[in-house]
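Throughout, a chain's letter reflects where its sequence line sits, starting with A, and its residues are numbered from 1. The shown structure was predicted, so the numbers you read here are calculated from the model rather than taken from an experiment. What's counted below: heavy atoms across the whole structure, side chains too, no hydrogens, waters or symmetry copies.
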Amino acid sequence: MTVYFKQDEPDTSNRLDGMKQGVLGKSLSRVEGLAKVTGTAPYAAEYHIDGCAEGVLVTSTITRGEVVSIDRTSVLSMPGVIAVVDDEKMSTRAAQGTANEAPMQGPRQVCYWGQPIALVVAETFEQARDAAKHLKVEYREDAAAPLDPHAVEPEEQEDETVHQGDLAHAMAEAPHSVDVTITTKGHASAAMEPHAAIAEWDGDKLTVHASLQMPNYNITELADALDMEEDNIRLISRFVGGGFGSKLGLSEEVVAAALAAKQIERPVRVVQSRQQVFQTVMRRSETTQRLRFAADGEGRLTGFGHEALVSNLPGETFAEPALQSSHFIYGGENRELMLKVARIHLMTAGSVRAPGEAVGMPALESAMDVLAEKVGIDPVELRLRNIPERDPEKDLPFSSHKLAECLKQGAEAFGWQKGVRKPRQRREGEWWIGTGMASASRSHSIAEAKARVTLKADGTALVETDMTDIGTGTYTILAQIAGEMLGLQPDQVLVELGDTRHPRGPGSGGSWGASSIGSAVYIACNAIREELAEKAGTSEDRLELADGRTAAGQTLADLLQGKDISQEGHYEPGAIEDDFTAAGFGAFFAQVRVNHYTGETRVDRMLGAFGFGRVLNASTARSQCIGGITWSIGLALTEALEFDPRDGHLVNCDLAEYHVPVHRDVPDLDVLLVEERDGAASQIQAKGIGELGMCGGAAAIGNAIYNACGARLFDYPMTPDRVLAAMPE
Amino acid sequence: MRPFQYTRAPSLAEASNMTAGEDTLAIAGGTNLLDLMKLQVEKPGQLADINRLGFADIEDTDDGGLRLGALATNTETAVHSRVRSDYPVLSRAILAGATQQLRNKATNGGNLCQRTRCFYFTNIDQPCNKREPGSGCGAIGGIAKLHAILGTSEQCIATYPGDMAVALSALDATVDIAGGKGERSVPVRDFHLLPGDTPWIENVLEPGEVITGIVLKAPVGGTQIYRKVRERSSYAFALVSVAAIIELTDGKFSRADLSFGGLAHKPWFDPRVGEALIGQTPSEALFDKAADLLLEDARGYGENDFKIPLTRRTLRAVLTQATENAA
Ligand SMILES: Cc1cc2nc3c(=O)[nH]c(=O)nc-3n(C[C@H](O)[C@H](O)[C@H](O)COP(=O)(O)OP(=O)(O)OC[C@H]3O[C@@H](n4cnc5c(N)ncnc54)[C@H](O)[C@@H]3O)c2cc1C
Ligand code: SF4
């Protein structure tokens with residue numbers, strides 16, 4: 001049976017808090033943790049499949065133009081080489097998240113340096129790699145391939161534009177105004193597991209092991225790319241070694257592996273090299289953002305402006321939504337927001353963890369620090385004074401709003417010194433020491449989701465969905481939700497994920513996974529509870545289950561009488577999406593030290609306080625926050641994609657040269673989970689936490705740099721060269 | 001696969017014979033060479049594994065110095081009790097490099113011979129005079145933040161990226177070389193070469209020669225500092241580094257041995273810097289004068305212009321720290 005529930009109203013029943021098992025929200029270690037650390041959890045490329053050949057992508061060495069010819073004979077005689085695949089159906093870019101249609105195809109048309117143009121297949125990986133380097137390709141190059149977003153006429157993203165009142169006038173009239181331009185560089189997801197796929201055909205049936213965040217969309221993308229029926233495809237992504245947006249859409253190796261396997265009539269594995277993952281999958285666009293504020297004498301905003309210029313390849317729908325939270329986080333009746341995208345020939349820009357707020361919030365919160373200084377008030381106080389009652393553009397209520405609590409509780413826990421702040425107040429030896437803060441905001445998303453829950457006759461449960469666990473804890477929280485509802489310890493609940501044979505989940509992306517799939521599991525469990533209640537001679541709302549027994553002491557096995565109960569929960573968000581503005585909110589506080597001589601910045605300590613609805617598992621939620629704050633450190637100080645200015649190739653394409661923070665860069669991080677129930681966010685009153693932890697944190701660090709040493713920087717990352725250039729003598 | 005022959009060299013003579021050939025490279029820890037082979041930046045037809053040749057010991061020399069075997073690992077060297085007590089600048093420099101895992105495998109000889117991290121050198125689809133003579137220099141006009149400001153040529157602006165050799169240069173150590181025409185010793189300060197018109201020739205090793213050890217003179221004491229400026233606090237190459245051995249007598253510099261990393265195709269030792277300091281009383285003005293001499297011929301290539309003021313400031317920091325310690 002499928003139970004469909006469309007959520008039009010906020011949940012006020014609060015059923016989960018009335019359950020008796022008491023496992024939801026608890027700090028529970030990941031159920032698959034042991035398998036992962038002992039190497040027994042297979043990742044996509046690790047399945048042993050007899051007769052599997054190895055494919056390596058060949059990528060373009062021109063920026064824009066056409067592949068005129070490929071000389072197969074140049075490699076077909078090399079040892080072990082089986083085939084060169086350059087099928088027109090090969091994909092040349094990864095699909096954007098939730099694209100639900102084939103990614104860009106046609107490998108002869110080259111749009112960026114490093115674009116896949118062919119696949120070489122050989123008996124061993126080393127043979128294929130060598131042959132791929134030797135494949136002779138003749139190109140016709142287009143002269144015009146703009147690379148600089150400032151050198152082309154950008155396109156306005158009209159649905160992002162807001163003109164409300166008269167911002168220029170408000171700024172001219174206001175006692176305080178700010179007008180600053182802030183830049184961020186491109187970022188990579190840099191997930192540990194490279195993009196990989198193994199494709200195997202059985203007649204016209206295709207099975208693919210791949211590293212994907214959203215099999216529910218990816219299966220459609222693959223079917224469309226191959227002109228197949230979805231029913232003939234099975235995608236398996238049981239374990240995913242990080243995605244951070246880069247595995248939302250189908251990436252190039254999946255289609256290539258499927259086509260090659262068909263062509264040579266053998267299974268084919270394609271693993272992208274680290275360099276290829278960097279150069280061909282997804283970049284976060286660089287941004288240039290102008291922030292304008294008008295404020296009254298007390299710092300209350302009367303005008304708010306945020307414009308951003310981002311970039312992408314021609315033909316891409318995605319434009320880094322840098323203004324996403326700017327639409328609602330602060331008030332100000334005169335508003336001017338605009339997002340523009342420049343069409344350039346760098347690799348595809350797409351989702352990298354927290355697309356939008358990851359770069360929009362740091363820019364906004366840097367500018368807020370400037371305003372606090374101009375007005376002469378505490379920056380925490382400035383934020384508190386500008387939290388709007390309702391969405392200032394849509395005039396909608398907020399589903400819930402914990403910004404003020406996070407600011408206050410965070411300041412308290414961090415030991416934030418209130419008052420007007422002056423830079424350069426504390427020096428220890430060579431180091432200037434200072435503190436800074438920023439608000440966090442991430443707009444909430446929720447998606448349709450299906451999951452099947454089976455309560456087995458033996459009193460254990462099984463949860464099945466094609467939802468993925470990309471290292472976030474999905475296996476664990478689903479066992480907790482089902483355990484809570486059915487009165488079972490989580491280890492009595494087996495969770496099977498990442499297989500398109502199961503009901504379609506929402507996929508992991510946009511921080512919507514846990515709340516969406518959790519709602520579907522909730523609905524399925526609720527239906528099971530109703531059947532159980534009937535068997536127990538009571539009503540569902542009176543049915544108390546814990547440790548496999550009813551309150552009256554009957555065991556589940558007794559009630560079930562040898563028969564499983566299976567229910568599919570189908571959750572769909574309804575009017576709740578339109579009736580409320582929903583977001584996770586929070587606050588960051590940082591203490592940094594800046595070396596007076598060298599401009600090196602190190603974070604001494606950092607705290608994040610976050611409100612994101614119901615906490616499903618305190619430990620996995622905390623881990624997400626810590627990960628997010630760690631990304632904030634990278635964004636603030638070190639992470640930057642560097643593209644060659646002449647041909648646009650990504651130069652720093654490995655983990656030695658793309659500088660994610662290392663352990664030593666990440667001090668003790670403190671996380672405060674500011675619990676709440678947000679019934680309008682999802683049926684289980686939860687929002688997402690996968691991204692909030694990096695939505696603004698970099699500004700806390702940037703603002704602390706200013707407070708420490710007086711260098712006011714408007715360009716991220718704040719590397720030593722930039723800090724020194726801005727450092728007062 | 002690009003096939004290559006792997007041979008464990010049975011003796012130094014054999015290793016020398018093998019590496020005398022154009023197509024053969026010695027392999028020690030392999031932490032640099034194997035990466036470059038995978039990228040096909042290095043394409044040896046044969047690898048001569050020198051790991052069993054025996055020169056892995058760290059031993060006292062007759063004149064009170066220390067001889068570091070070329071095959072001793074970076075970790076063994078950094079934690080050696082005499083290195084730590086008598087040559088702390090060396091221990092610190094090694095520990096400032098790479099990661100623990102890499103240092104466990106990396107050898108002293110391999111470290112001296114590690115190749116540049118220039119992005120265009122490691123990408124075979126880009127021009128690079130070092131990798132492919134005559135193809136041009138991709139870094140000039142490209143992404144050159146890590147690149148050199150001293151001793152560059154129109155052909156190549158790459159840096160020698162290592163840390164250990166910067167300390168060895170300050171310590172005025174010598175490199176023991178064997179094979180080829182016999183044994184010889186070369187000061188570390190002369191071991192690496194500037195790019196000139198032959199950027200592919202990076203050091204004085206002739207075909208068939210291998211490094212057998214590094215000899216440290218009797219310890220000189222002093223305040224020893226290794227300062228490495230980098231974007232993240234570990235696992236990053238130096239933007240600029242300074243190895244310093246400083247001594248003050250009666251409030252004046254009596255020793256000032258300074259070498260710099262991240263600035264050139266070799267650890268940069270300019271005798272004029274020390275000479276300017278010796279016999280003088282420490283002051284900001286004096287530090288700046290030393291920096292002026294050091295940076296007299298410095299030239300930036302846009303992205304790396306910042307290295308000029310950064311070097312000046314880092315030198316100031318090191319000398320301030322050293323003289324405060326000594327005072
Ligand atoms: C990600 C990463 C980060 C790093 N960061 C740093 C850093 O911050 N600072 C730093 O200093 N280093 C750093 N390194 C470099 C590391 O120190 C070197 O890779 C290592 O020291 C090389 O030693 P090896 O024994 O592995 O050399 P191999 O890789 O075996 O050899 C390197 C070269 O030296 C030659 N060679 C080796 N031994 C001899 C010998 N005895 N005689 C003649 N030729 C010889 C080989 O033929 C080869 O050309 C880093 C390396 C990596 C991969
Ligand atoms: S700087 Fe030297 S190593 Fe780099 S591209 Fe130019 S020639 Fe090659």
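- Between A/Phe643 and B/Ile143, the shortest heavy-atom distance links the atoms O-CD1, 3.4 Å.
- Distance CD/A/Glu642 to CG/B/Leu146: 9.5 Å, rounded to 0.5 Å.
- With respect to chain B, the highest number of heavy-atom pairs below 4.5 Å among A/His663, A/Arg722, A/His596 belongs to A/His596.
- Of all heavy-atom pairs between A/Pro645 and B/Gly141, the closest is CG-O, 3.5 Å.
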Between A/Glu430 and B/Arg316, does the salt bridge (Lys or Arg N to Asp or Glu O under 4.0 Å) criterion hold? Intermediate values first, please. CA-CA 11 Å; A/Glu430 297 183 359; B/Arg316 215 186 274 160; over 6 Å; no
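- Residue contact with chain B, scored on non-hydrogen atoms closer than 4.5 Å, involves the side chain of A/His649 exclusively.
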Could you go through the side chain to side chain contact (heavy atoms under 4.5 Å, CB included) check for A/Glu600 and B/Glu231 one step at a time? CA-CA 7 Å; A/Glu600 289 162 295; B/Glu231 288 185 4; over 6 Å; no
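- Using a distance-only test at 3.5 Å, with no hydrogens or angles considered, no donor-acceptor pair links the side chain of B/Asp125 to the main chain of A/Thr61.
- The only member of A/Glu126, A/Gln275, A/Arg129 that meets side-chain contact (heavy atoms from CB on, under 4.5 Å) when paired with B/Lys38 is A/Arg129.
- In terms of modelled atom types and a separation under 3.5 Å, the side chain of B/Arg232 and the main chain of A/Val660 share a donor-acceptor contact.
- Neither the backbone nor the side chain of A/Asp654 comes within contact range of chain B; no heavy atoms are under 4.5 Å apart.
- Neither the backbone nor the side chain of A/Ile633 comes within less than 4.5 Å of any heavy atom of chain B.
- By the 6.0 Å contact criterion, NZ on B/Lys105 is open, its count of non-hydrogen atoms from other residues, nucleotides or ligands being 12 or less.
- Counting only N and O atoms by type, the side chains of A/Asp644 and B/Gln126 include no donor and acceptor under 3.5 Å apart.
- When all heavy atoms of A/Gln279 and B/Asn123 are compared, the pair lying nearest together is NE2-ND2, 4.3 Å.
- Scanning both residues, B/Arg230 and A/Arg602, for their nearest heavy atoms gives O-NH2, 3.2 Å.
- With respect to chain B, the highest number of heavy-atom pairs below 4.5 Å among A/Thr598, A/Asp665, A/Leu637 belongs to A/Asp665.
- Note on A/His659, A/His134, A/Arg664: by heavy-atom pairs under 4.5 Å with chain B, the leading option is A/His659.
- Contact of A/Thr638 with chain B is made through backbone and side chain together, with heavy-atom distances under 4.5 Å.
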Are B/Arg313 and A/Leu724 close enough, and set up right, to give a side chain to side chain contact (heavy atoms under 4.5 Å, CB included), and what steps lead you there? CA-CA 10 Å; B/Arg313 295 180 74 110; A/Leu724 275 192; 3.4 Å; yes
Is there a side chain to side chain contact (heavy atoms under 4.5 Å, CB included) between B/Arg2 and A/Gln127? Walk through the geometry before answering. CA-CA 7 Å; B/Arg2 235 197 98 75; A/Gln127 289 167 336; over 6 Å; no
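- Using a 4.5 Å cut-off between heavy atoms, A/Val81 does not touch chain B at all.
- With respect to chain A, the highest number of heavy-atom pairs below 4.5 Å among B/Val229, B/Val240, B/Leu239, B/Leu310 belongs to B/Val229.
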Pair A/Tyr597, B/Thr314 - check side chain to side chain contact (heavy atoms under 4.5 Å, CB included), show working. CA-CA 6 Å; A/Tyr597 292 102; B/Thr314 310; 5.9 Å; no
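- Contacts between A/Arg646 and chain B at a heavy-atom distance below 4.5 Å involve the side chain alone, from C-beta outward.
- In this structure, the side chain to side chain contact (heavy atoms under 4.5 Å, CB included) partners of A/Asp721, at least two apart in sequence or on a different chain, are A/Thr719, B/Lys145, B/Phe306.
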